[in-house]
Amino acid sequence: MIVTMTDVVKRYKNQTALDHLNLTVKQGEVIGLLGPNGAGKSTSIRVLTGLTNADAGKVTLFGADKLGNDAKRRIGTVPQDLALYETLSARDNIEYFGKLYGVHGSMLKSRVDETLEILGLSDVANKAPKKFSGGMKRRLNIGCAIIHKPELLILDEPTVGIDPQSRNHILDFVTNINKQGTTVLYTSHYMEEVERVCSRVCIMDEGRVIADGGVAELTRSVIFEETVTLEVKEPAPSLPESIKKVQGVLHCDVQNRIVTVTSTAASGNIARILEIAAPYVILGVSAKKATLEDAFLALTGKKLRDGEGDSL
């Protein structure tokens with residue numbers, strides 16, 4: 001276990017940011033930390049990395065409850081706000097952070113070259129980031145956090161406001177660095193990113209973890225229905241009654257040419273539904289299964305992307 005946060009409480013004046021938070025991160029995981037604005041994701045990271053002190057509870061990192069310099073050198077943090085020197089070159093930025101982490105000499109040069117290559121920045125190594133696109137700055141920001149090859153990499157909203165190409169580059173990078181042994185804690189307002197790269201998801205709300213598990217596990221635990229929609233040229237009045245007899249079907253409604261069938265989750269009855277509708281002219285079929293977005297909405301009553309960033 002790399003991270004253990006037990007009954008952690010953090011208050012700002014009259015506002016509770018963390019309310020007896022319990023969170024664990026195991027070695028080798030890519031764990032997604034999801035939550036609506038103000039859920040406490042950023043505060044969790046600040047407490048974990050020692051940027052702010054908890055009011056109560058216990059935080060253990062790498063088996064120790066004191067965040068000393070040795071533990072800090074084993075972490076790489078990519079904050080929401082860019083932490084770069086705009087007038088230094090990309091190479092100089094990464095070198096500077098490498099020296100702060102205790103990397104020097106030929107090893108530093110080798111790792112800088114490797115980092116620039118991994119993040120697709122070799123061709124702009126000698127240019128200042130003030131001239132970079134938002135996506136290039138985000139990638140350089142990551143480079144400054146991985147120069148020392150951290151065991152735990154914390155990525156706090158690393159793809160906000162960037163182009164699709166840079167987003168894909170960052171997501172591929174997360175997958176690859178995890179395969180090389182780095183544990184990743186990843187927060188995002190983009191559900192599809194979490195589904196793509198995370199092996200486990202923790203959903204936070206009001207300063208607590210309210211759900212914890214794999215994507216499929218979370219959707220199964222809170223979503224009980226699936227929907228199949230048929231567009232039928234001339235549906236007979238008897239069609240919905242016939243479909244209702246199929247095992248797992250909960251409801252069947254017809255509006256004009258649209259037949260909507262609601263079934264229990266994972267009932268696997270679409271083939272039987274289509275068989276019953278086969279005598280009619282079927283113009284279209286669509287099936288909607290539960291997604292992580294559906295699970296998040298069911299658990300929190302809120303949409304994930306009500307805005308970018310997290311004030312707590």
Looking at [X] and [Y], would you say the former's side chain and the latter's main chain have a donor-acceptor pair under 3.5 Å?
X	Y	result
Arg74	Glu151	no
His20	Gly207	no
Asp212	Cys202	no
Asn22	Asp7	yes
Gln15	Tyr12	no

Applied to residues 161-189, the salt bridge (Lys or Arg N to Asp or Glu O under 4.0 Å) test, sequence neighbours excluded, yields Arg167-Glu193, Asp172-Arg196
Query raised in the report: Charged N to carboxylate O below 4.0 Å: is that the case for Arg11 and Asp19?
Result: no
Taking NZ, NE, NH1 and NH2 as the nitrogens, is one of them in Arg111 or Glu114 under 4.0 Å from a carboxylate oxygen of the other? no
Residues at least two apart in sequence or cross-chain that pass salt bridge (charged side-chain N to carboxylate O under 4.0 Å, His left out) with Glu231, listed by chain then number, are Arg257
With sequence neighbours left out, the residues meeting salt bridge (charged side-chain N to carboxylate O under 4.0 Å, His left out) with Lys72 are none
So CG of Leu218 and CG of Leu34: to nearest 0.5 Å the spacing works out to 9.0 Å
- request: With side chain to side chain donor-acceptor pair (under 3.5 Å) as the test, would you mind laying out the steps for Glu226 and Ser263 before giving the verdict?
  value: CA-CA 5 Å; Glu226 295 177 356; Ser263 302; over 6 Å; no
query = So, Thr260 versus Asp253: side-chain donor-acceptor pair below 3.5 Å or not?
reply = no
